[in-house]
Enquirer: 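To start, I am sharing the structure in question, which I have written as structure tokens.
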Amino acid sequence: MTNNLSVVINSDAQQVWTMLREPAKVAQWHGWEADDQAAEINEIYFGPHVIEGADHTSLVVDGGDVFTLGPVPTGTEVSVMRAAVDHKSEWAAWDEDITQGWLTFLQQLRFALERHPHGKRRTLFLSVPGNAGSAIEKLGLSDVPKPGEPYALTLATGEEVSGKVWFRSNHQVGLTVHNYAEHGEGLVIVADQPAIPDLRPEGGSLVIVSTYDLGAHQLAAIRRYWDTWRSENYPTSDPLH
């Protein structure tokens with residue numbers, strides 16, 4: 001097994017376990033709202049190949065990746081250990097995308113538990129090709145502060161945002177955003193994706209916006225900012241959903 005991924009969540013292990021084992025809770029951090037989200041969650045976390053640890057500290061999901069939960073002084077460390085790559089599998093070419101996806105989802109899990117443990121998120125999602133350049137760079141997020149530090153900036157979408165840097169990695173940036181939630185903050189994650197020969201030769205980027213308890217007018221305004229930016233910078237990409 002390779003590619004160990006982990007986050008420390010300021011919650012106890014039982015709270016984390018509940019977020020892993022109730023479908024409605026998983027939907028608050030896995031992926032984004034989509035027609036096939038419920039079916040994907042059921043396959044990955046509740047399918048016939050899923051194995052729950054008897055002590056509720058480990059979970060083998062479909063595909064063989066393993067979640068482990070362990071106590072640390074500041075809460076619970078949640079790790080995902082990737083299964084070895086089956087180079088004959090149709091998923092082999094997408095292995096790095098899966099690793100990066102777990103990183104995104106672990107950060108969304110941490111955010112859901114620490115900031116909105118009883119909330120219901122509404123998401124906006126966009127995926128763009130890489131031929132027009134990195135979305136992190138085009139949005140003006142290459143030089144955000146270190147994780148945990150406050151920021152305030154005007155995105156290339158034209159929207160003024162502020163909050164704290166939630167996390168940074170080699171290919172991803174996560175920011176809390178004050179005006180993405182009625183109470184507290186929402187979250188935006190921007191991830192650049194590597195090129196995959198014959199499948200995604202120019203690479204790409206994705207954006208996941210998680211909002212909480214916003215009215216229809218507020219949500220529509222945020223959608224307009226992001227979809228206008230997408231259509232102007234990546235005209236061949238699909239609209240937000």
Enquirer: Heavy-atom count check: over 12 atoms from other residues, nucleotides or ligands less than 6.0 Å from R21 CZ?
Expert: yes

Enquirer: Are the side chains of T99 and L5 in touch, meaning some heavy atoms are under 4.5 Å apart?
Expert: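 Yes. Closest side-chain heavy atoms under 4.5 Å.
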
Enquirer: Is there a side-chain contact between D65 and M81, using heavy atoms and a 4.5 Å cut-off?
Expert: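 No, their side chains stay 4.5 Å or more apart.
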
Enquirer: For the hydrophobic clusters of this structure (ILVMFWY residues joined by side-chain heavy atoms under 4.5 Å, transitively), does one cluster hold both I208 and V177?
Expert: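 No; V177 is not reachable from I208 via cluster members.
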
Enquirer: Transitively linked via ILVMFWY side-chain contacts under 4.5 Å: W29 with V8?
Expert: no

Enquirer: Grab the two heavy atoms, one from V60 and one from V66, that are nearest each other, plus how far apart they are.
Expert: CG2-CG2, 4.0 Å

Enquirer: Of the non-hydrogen atoms in H116 and H183, which two are nearest, and what is the gap between them?
Expert: CE1-O, 3.3 Å

Enquirer: Using modelled atom types only, decide if a donor and an acceptor are shared between the side chain of W166 and the backbone of G148 within a distance under 3.5 Å.
Expert: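 Here the side-chain-to-backbone pair does not exist.
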
Enquirer: Is it the case that atom CG in D35 sees more than 12 heavy atoms from other parts of the structure closer than 6.0 Å?
Expert: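 Counting neighbours around CG of D35, 12 or fewer heavy atoms of other residues, nucleotides or ligands fall under 6.0 Å, so no.
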
Enquirer: Within the 3.5 Å criterion, strictly below it, is a donor on R121 or S210 matched to an acceptor on the partner's side chain?
Expert: yes

Enquirer: Take the angle between the ring planes of H30 and F105 and call it parallel below 30°, perpendicular above 60°, tilted in between.
Expert: tilted

Enquirer: With no hydrogens and no angle check, do the side chains of T104 and Q172 hold a donor and an acceptor under 3.5 Å apart?
Expert: yes

Enquirer: Can you find a heavy atom in the side chain of F167 that is under 4.5 Å from one in the side chain of V7?
Expert: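 Side-chain contact under 4.5 Å: no.
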
Enquirer: Do D97 and R200 have side chains that approach each other closer than 4.5 Å (heavy atoms only, starting at C-beta)?
Expert: yes

Enquirer: List the steps, then state whether side-chain contact (heavy atoms from CB on, under 4.5 Å) holds for T74 with N10.
Expert: CA-CA 6 Å; T74 53; N10 186 18; 5.7 Å; no

Enquirer: For the backbone of H178 and the side chain of E185, can you confirm whether one donor and one acceptor N or O come within less than 3.5 Å of each other?
Expert: no

Enquirer: Testing the basics here: between F46 and I41, what is the closest heavy-atom pair and its distance to 0.1 Å?
Expert: CD1-O, 3.7 Å

Enquirer: Does CD belonging to E160 count more than 12 external heavy atoms closer than 6.0 Å?
Expert: no

Enquirer: Within this structure, what is the CG-OG1 distance for the pair N179 and T211, rounded to the nearest 0.5 Å?
Expert: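 So the CG of N179 and the OG1 of T211 are separated by 10.5 Å.
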
Enquirer: Return yes if some donor-acceptor pair links the side-chain N/O of Q218 with the main-chain N/O of G215 below 3.5 Å, else return no.
Expert: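 Looks like yes, one N/O pair under 3.5 Å.
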
Enquirer: Would L113 end up clustered with L59 when hydrophobic side chains under 4.5 Å apart are linked, directly or stepwise?
Expert: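 Looking at the clustering, L59 is in the same group as L113.
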
Enquirer: To the nearest 0.5 Å, how far apart are OG1 in T154 and CG in L139?
Expert: 12.5 Å

Enquirer: Taking E33's backbone N and O only, do any of them form a donor-acceptor pair with T123's side chain (distance below 3.5 Å, no angle check)?
Expert: yes

Enquirer: I need the full list of ring-ring contact (aromatic ring centres under 6.0 Å, His included) pairs touching residues 120-161, with sequence neighbours left out, sorted by first then second residue.
Expert: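 Qualifying pairs: W32-F125, F125-H241.
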
Enquirer: Can you tell me how far the OG atom of S11 sits from the CG atom of L109, to the nearest 0.5 Å?
Expert: 8.5 Å

Enquirer: Under 6.0 Å between the ring centres of Y234 and W226?
Expert: no

Enquirer: Any side-chain heavy atom of T68 sitting closer than 4.5 Å to one from T57?
Expert: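 SC-SC contact between T68 and T57 ruled out.
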
Enquirer: Without swapping roles, check the side chain of R230 against the backbone of S237 for a donor-acceptor pair under 3.5 Å.
Expert: yes

Enquirer: Can you find a heavy atom in the side chain of Q15 that is under 4.5 Å from one in the side chain of D12?
Expert: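 Counting from C-beta outward, Q15 and D12 do come under 4.5 Å.
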
Enquirer: I'd like to know if the side chain of R168 and the backbone of V144 have a donor-acceptor N/O pair within less than 3.5 Å.
Expert: yes

Enquirer: Determine whether E77 and L69 satisfy the following criterion, side-chain contact (heavy atoms from CB on, under 4.5 Å), listing intermediate values before the conclusion.
Expert: CA-CA 6 Å; E77 183 176 36; L69 283 59; over 6 Å; no

Enquirer: Any side-chain heavy atom of L187 sitting closer than 4.5 Å to one from Q108?
Expert: yes

Enquirer: Rounded to the nearest 0.5 Å, how far does OG of S205 lie from NE2 of H171?
Expert: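 Result: 11.5 Å between the selected atoms.
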
Enquirer: Which residue, W229, Y180, Y225, forms the side chain to side chain donor-acceptor pair (under 3.5 Å) with E159?
Expert: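 The option that passes is Y180.
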
Enquirer: Taking atom types as modelled, is there a side-chain donor on Q100 or E96 under 3.5 Å from an acceptor on the other?
Expert: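 Yes - a donor-acceptor pair under 3.5 Å links their side chains.
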
Enquirer: Check whether more than 12 heavy atoms from other residues, nucleotides or ligands sit under 6.0 Å from atom CG of D36, and answer yes or no.
Expert: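 Atom CG in D36 is packed in, count exceeds 12.
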
Enquirer: When you measure from the side chain of E182 to the backbone of L214, do you find a donor-acceptor pair of N or O atoms at a distance under 3.5 Å?
Expert: no

Enquirer: Determine, step by step, whether L106 and V80 satisfy the side-chain contact (heavy atoms from CB on, under 4.5 Å) criterion, reporting the C-alpha distance in whole Å, the side-chain angles of both residues, the deciding distance to 0.1 Å, and the verdict.
Expert: CA-CA 9 Å; L106 282 171; V80 174; 4.0 Å; yes

Enquirer: Give a yes or no on whether V61 and I9 share a hydrophobic cluster (residues Ile, Leu, Val, Met, Phe, Trp, Tyr; joining criterion: side-chain heavy atoms under 4.5 Å apart).
Expert: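 As far as the 4.5 Å side-chain criterion goes, I9 and V61 are connected within one cluster.
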
Enquirer: Give the minimum heavy-atom separation between V173 and L141, together with the two atoms involved.
Expert: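 Smallest interatomic distance, heavy atoms only, reads CG2-O, 4.1 Å.
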
Enquirer: Minimum heavy-atom separation for P117 and R115, please, with both atom names.
Expert: CD-C, 3.5 Å

Enquirer: Quick one: do V207 and L103 end up in the same hydrophobic cluster if we chain Ile, Leu, Val, Met, Phe, Trp and Tyr together by side-chain heavy atoms under 4.5 Å apart?
Expert: no

Enquirer: Do K164 and L175 have side-chain heavy atoms sitting under 4.5 Å apart?
Expert: no

Enquirer: Could you give the distance from CD (Q14) to OG1 (T76), rounded to the nearest 0.5 Å?
Expert: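 Q14 CD to T76 OG1: 10.0 Å, rounded to 0.5 Å.
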
Enquirer: Rounded to the nearest 0.5 Å, how far apart are CD of E52 and CZ of F67?
Expert: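 That separation rounds to 13.0 Å.
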
Enquirer: Looking at D192 and A135, what are the two nearest heavy atoms and their distance?
Expert: OD1-N, 3.2 Å

Enquirer: Donor-acceptor check, side chain of S79 to backbone of S6, threshold 3.5 angstrom: yes or no?
Expert: no

Enquirer: Say whether, by atom type as modelled, one donor and one acceptor occur between the side chain of W17 and the main chain of S58 under 3.5 angstrom.
Expert: no

